[in-house]
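Below: the structure, in structure tokens.
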Amino acid sequence: MKRALVILLVLGVLGVIGYLGVMKYLAEQRAARLDSALHDADARNIQMEADLQAANQRVAELSKAQETLQRKLEEKAAGAGASQTVTSTATAPVTSTATGARLLYTAAGGVGMTNLVRIEGTSTVHNWQVESRLIGGSVELPPEFLAGLKTQSYPTNVELKANVFIPVRSLKSMTPSGGHYSDPMDEIMYEKLLAAQFSRITYTLDSVAAGSADSGNPNAALVLQATGSLGVAGVTNQITMPVYLSPGADGRLQFSGLVRTKMTDFKITPPEPAGMGIKTGDDVTLKFWWWVKPAAKPGT
């Protein structure tokens, strides 16, 4: 009798363990599907923002073209009226000089255009890294900047504008071989980055100057020294870093670079998971490779 009870008890325990294992597996599958859906939603949001910026630029261009056409028609009508009353007066040709023209580039991706942001750091156990392949935003630059890109010389007195963002929850802890490292580490990271309140890491370019080509990316066509505002977990700091610019097919451009900073600079306390004997270092390095494409082809 006792033996039968023991067997039943063992079977019951095994059944519970098996049930919990199945439930854990199903929960992990649901979490993976949810994570994938969030990633896809972030990607669609980046594309929608890029499309909206391109549409707004096109509307502005069409409005400007309409104003120019209306002005020419009015000038032509005025000239025709003047010629009927004063036939001996010659009218000077009307010339148009476009000033302040800017080209809009928006976030791109696809075959041969891998976007990547990687944050690297240290701990008392091992080095670590987190990555995201979602980088959104846009860049505005004057046409003469592209001429400087072709001649590999930085044109002075030009203004660039750039606004970039990374969805915080698109960041994932990674192994050195490129696999996912740990869901618990991801959750600790999201908590430290205050992902619930600040869903994006942001960057706004403040100024840019010619940079030194003696280090970094030797294949870059142009090296810039960029100063901008980096926003992390609700704290914004100004940083300066080298940025390497390389041209791609169909007018696409790749920006790449790195900057070293500290967690505490953004009021983030380096993680020390309770009971694990792990202490994370304060210093981190942020690296990025970001592709952008023209919002509209010239003449379209």
Side-chain angles (χ1 to χ4, degrees), residues 35 38-39 42 46 107 115-137 161-176 178-209 211-212 215-217 223-244 255-290:
D35 187 65
L38 289 173
H39 185 278
D42 281 330
I46 288 173
N115 293 321
L116 178 66
V117 59
R118 176 183 295 136
I119 304 173
E120 300 173 345
T122 62
S123 75
T124 52
V125 177
H126 54 66
N127 294 344
W128 55 267
Q129 62 185 32
V130 298
E131 295 181 356
S132 172
R133 296 188 180 276
L134 293 182
I135 307 176
K161 295 182 179 180
N163 291 282
V164 189
F165 67 87
I166 303 159
V168 171
R169 295 193 70 89
S170 70
L171 290 165
K172 299 294 178 185
S173 58
M174 305 296 291
T175 65
H180 182 223
Y181 179 72
S182 166
D183 286 331
M185 179 175 171
D186 294 346
E187 292 304 322
I188 292 173
M189 171 176 58
Y190 302 150
E191 180 181 353
K192 289 292 184 178
L193 292 175
L194 305 179
Q197 299 102 305
F198 305 99
S199 61
R200 293 176 171 180
I201 294 172
T202 62
Y203 176 82
T204 301
L205 180 65
D206 297 325
S207 63
V208 66
S212 172
S215 62
N217 183 356
V223 185
L224 308 173
Q225 193 73 1
T227 298
S229 301
L230 179 64
V232 181
V235 177
T236 300
N237 289 325
Q238 191 172 73
I239 60 170
T240 298
M241 61 181 172
V243 174
Y244 306 95
F255 293 87
S256 62
L258 67 84
V259 60
R260 295 181 176 87
T261 186
K262 296 180 180 292
M263 294 188 195
T264 51
D265 288 344
F266 296 90
K267 299 183 180 180
I268 297 173
T269 302
E272 295 184 41
M276 299 182 65
I278 300 174
K279 184 175 181 180
T280 306
D282 191 16
D283 296 316
V284 294
T285 300
L286 187 152
K287 302 177 181 179
F288 65 91
W289 296 262
W290 183 44

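Residues take their numbers from the sequence shown, with the count starting at 1. Reckoned from all heavy atoms, side chains included, excluding hydrogens, waters and symmetry mates. As the structure is a prediction and not an experimental result, all values here were calculated from the model.
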- Of the options I239, L258, V117, which is the one that meets L286 in a side-chain contact (heavy atoms from CB on, under 4.5 Å)?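 Testing each of I239, L258, V117 against L286, the sole residue satisfying side-chain contact (heavy atoms from CB on, under 4.5 Å) is V117.
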
- Task: Please say which of L171, I268, I119, V168 ends up in a side-chain contact (heavy atoms from CB on, under 4.5 Å) with M189.
- Result: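 That would be L171; it is the only one of L171, I268, I119, V168 passing the side-chain contact (heavy atoms from CB on, under 4.5 Å) with M189.
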
Shortest non-hydrogen contact between [X] and [Y], atoms and distance:
X: Y244; Y: G257; answer: CD1-CA, 4.2 Å
X: G136; Y: W290; answer: O-CZ2, 3.9 Å
X: Y203; Y: A226; answer: OH-CB, 3.9 Å
X: I166; Y: L134; answer: CG2-O, 3.7 Å
X: V232; Y: F266; answer: CB-CD2, 3.7 Å
X: A195; Y: R169; answer: CB-CG, 4.3 Å

Value rounded to 0.5 Å, distance of [atom1] in [X] from [atom2] in [Y]:
X: L205; Y: N163; atom1: CG; atom2: CG; value: 8.5 Å
X: M185; Y: H180; atom1: CE; atom2: NE2; value: 9.0 Å
X: I135; Y: S170; atom1: CD1; atom2: OG; value: 8.5 Å
X: I188; Y: S173; atom1: CD1; atom2: OG; value: 9.5 Å
X: Q225; Y: S207; atom1: CD; atom2: OG; value: 9.5 Å
X: T175; Y: Y181; atom1: OG1; atom2: OH; value: 9.5 Å

Checking [X] now: which residues fulfil side chain to side chain donor-acceptor pair (under 3.5 Å) with it, not counting sequence neighbours?
X: R118; answer: E131
X: T285; answer: none
X: K262; answer: D283

- Query: If only atom types and distance count, is the side chain of W128 paired as donor or acceptor with the main-chain N or O of T122 below 3.5 Å?
  - Reply: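 Yes, because the side chain of W128 sits within donor-acceptor range (under 3.5 Å) of the backbone of T122.
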
- Check whether any side-chain N or O of K192 sits under 3.5 Å from a backbone N or O of P270 as a donor-acceptor pair, and report yes or no.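 No, because the side chain of K192 does not come within donor-acceptor range (under 3.5 Å) of the backbone of P270.
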
- Hey, mind stepping through V284 and M263 against side-chain contact (heavy atoms from CB on, under 4.5 Å) and telling me if it holds? CA-CA 7 Å; V284 294; M263 294 188 195; 3.8 Å; yes

- For E191, what residues pass the side-chain contact (heavy atoms from CB on, under 4.5 Å) criterion, not counting sequence neighbours?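 By the side-chain contact (heavy atoms from CB on, under 4.5 Å) rule, E191 matches no residue at all.
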
- Task: I would like to know whether T264 and D282 meet side chain to side chain donor-acceptor pair (under 3.5 Å); could you show each step before the answer?
- Result: CA-CA 7 Å; T264 51; D282 191 16; 2.6 Å; yes

- Message: Which residues pass the salt bridge (charged side-chain N to carboxylate O under 4.0 Å, His left out) test with K279, not counting sequence neighbours?
- Response: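 None.
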
- Message: Can you see whether T280 engages S123 through a side-chain donor-acceptor pair at a distance of less than 3.5 angstrom?
- Response: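 Checked: T280/S123 side chains show no N/O donor-acceptor pair below 3.5 Å.
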
- Only pairs at least two apart or in different chains count here, so list each side-chain hydrogen bond (donor to acceptor under 3.5 Å, both in side chains) that has a residue in residues 228-237.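 As it turns out, the side-chain hydrogen bond (donor to acceptor under 3.5 Å, both in side chains) pairs with a partner in residues 228-237, which skip direct neighbours, are D206-S229.
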
